[in-house]
Amino acid sequence: IPTDPNINQRMRGQSEQARKENTLEAIRKNITYAKNQWFESIQFSPEGWLTTPDFDFLCKSCIVAIESGATILNIPDTLWRLDPFEASKRFALLRQVLEPIMVQNDVIFSAHMHNDDDMANANTLGAVMASVGSMKKDGFHTQIETSLLWFGERDGIANIATLATR
């Protein structure tokens, strides 16, 4: 679900406040539906989070997702705008703000880095350095999304073989 209301084509022509309210309602509605159907594990990815100029709205989107039943908060770099230093900084800030609700709800913090600019491995390591992983009560757990030998989603995310040797 786009957390930058400006990239959601269906919301063109609406006021900024209406776009935000509709985005939060879409998050709430879709995650609640999934939770009430079949799924114990529900992943929320705030699409467009790098272009969201309103950091508070990004955090509110993540909080609504968690309160609605998301068990994994997957932070993607689908726009390939990060470098490892910026990845580490942004993930650390987001985790700092969201940690209390994530601990309370036993939510996993995850990273998904695209490789369009040959930075997926470096950015994934940057995210791990910023403690991307859950604040689980039973110990520390890290989740990163990877491919194996570049076979995977569009051949475009971090390679587990490379990361495992670091």
Side-chain angles (χ1 to χ4, degrees), residues 1-12 14-82 86-114 120 123-124 126-146 152-154 156-158:
I1 295 177
T3 53
D4 180 353
N6 297 313
I7 67 173
N8 192 331
Q9 297 293 324
R10 292 172 290 154
M11 294 185 185
R12 300 245 177 205
Q14 296 179 1
S15 70
E16 181 179 352
Q17 186 61 35
R19 288 192 310 260
K20 287 180 178 182
E21 289 172 9
N22 288 335
T23 297
L24 294 175
E25 183 57 30
I27 293 167
R28 188 177 295 110
K29 179 181 175 183
N30 285 289
I31 292 175
T32 300
Y33 177 80
K35 182 180 178 184
N36 290 334
Q37 296 302 313
W38 315 277
F39 305 104
E40 291 182 20
S41 179
I42 301 168
Q43 180 169 297
F44 172 70
S45 297
E47 181 187 353
W49 75 284
L50 287 172
T51 61
T52 304
D54 188 344
F55 184 76
D56 291 338
F57 181 69
L58 169 64
C59 292
K60 178 67 176 167
S61 298
C62 293
I63 290 167
V64 166
I66 293 166
E67 288 174 342
S68 299
T71 56
I72 300 169
L73 181 57
N74 179 53
I75 306 300
D77 177 16
T78 55
L79 302 173
W80 42 275
R81 294 187 179 170
L82 291 180
E86 189 67 19
S88 182
K89 183 175 92 174
R90 288 182 184 226
F91 277 80
L93 180 60
L94 194 55
R95 179 176 176 169
Q96 179 183 7
V97 171
L98 297 174
E99 187 166 7
I101 190 168
M102 292 180 79
V103 169
Q104 180 181 358
N105 292 281
D106 207 23
V107 173
I108 295 170
F109 203 26
S110 174
H112 176 103
M113 301 296 171
H114 281 215
N123 288 344
T124 298
V128 170
M129 289 170 51
S131 301
V132 172
S134 73
M135 286 64 68
K136 286 187 159 293
K137 299 169 186 114
D138 60 273
F140 189 79
H141 175 77
T142 299
Q143 176 174 311
I144 54 175
E145 297 190 353
T146 64
E153 182 225 61
R154 312 192 277 118
I157 59 176

Rounded to the nearest 0.5 Å, how far apart are [atom1] of [X] and [atom2] of [Y]?
{"X": "I101", "Y": "E99", "atom1": "CD1", "atom2": "CD", "answer": "12.5 Å"}
{"X": "N123", "Y": "I157", "atom1": "CG", "atom2": "CD1", "answer": "13.0 Å"}
{"X": "Y33", "Y": "F39", "atom1": "OH", "atom2": "CZ", "answer": "8.5 Å"}
{"X": "S68", "Y": "K29", "atom1": "OG", "atom2": "NZ", "answer": "13.0 Å"}
{"X": "E67", "Y": "I27", "atom1": "CD", "atom2": "CD1", "answer": "11.5 Å"}

Side-chain contact test, heavy atoms from C-beta onward, threshold under 4.5 Å: evaluate it for [X] versus [Y] and give yes or no.
{"X": "M113", "Y": "T124", "result": "yes"}
{"X": "M102", "Y": "I108", "result": "no"}
{"X": "T23", "Y": "F57", "result": "yes"}

Practice item. Using modelled atom types only, decide if a donor and an acceptor are shared between the side chain of N105 and the backbone of V107 within a distance under 3.5 Å. Key: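 Between the backbone of V107 and the side chain of N105 there is no qualifying donor-acceptor contact (under 3.5 Å).
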[X]: what forms a side chain to side chain contact (heavy atoms under 4.5 Å, CB included) with it, not counting sequence neighbours?
{"X": "L94", "result": "F55, L58, C59, I75, L98, F109"}
{"X": "A70", "result": "I31, F44, A65"}
{"X": "K35", "result": "I42"}

**Study point:** All salt bridge (Lys or Arg N to Asp or Glu O under 4.0 Å) counterparts of K89, not counting sequence neighbours
**Key:**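 Checked K89 against salt bridge (Lys or Arg N to Asp or Glu O under 4.0 Å); matches are E86.
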Point to revise | Nearest heavy atoms of P46 and L73, plus distance in Å | key: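 For P46 and L73, the tightest heavy-atom pair comes out as CD-CD1, 4.4 Å.
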Review point. Do you know which two heavy atoms are closest between S110 and Q143, and how far apart they sit?
Key: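 Smallest heavy-atom distance, with atoms named: OG-NE2, 3.2 Å.
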Review point. Under a 4.0 Å N-O cut-off, is there an ion pair linking D54 with K60?
Key: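 No, this pair does not count.
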Check your understanding: Taking everything shown except Q37 itself, do over 12 heavy atoms lie less than 6.0 Å from its CD?
Key ->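 Yes, because the 6.0 Å sphere around CD of Q37 holds more than 12 heavy atoms from other groups.
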Would you please name every residue forming a side-chain hydrogen bond (donor to acceptor under 3.5 Å, both in side chains) with [X], sequence neighbours left out?
{"X": "E21", "answer": "Q17"}
{"X": "E145", "answer": "Q43, H112"}
{"X": "E25", "answer": "R28"}

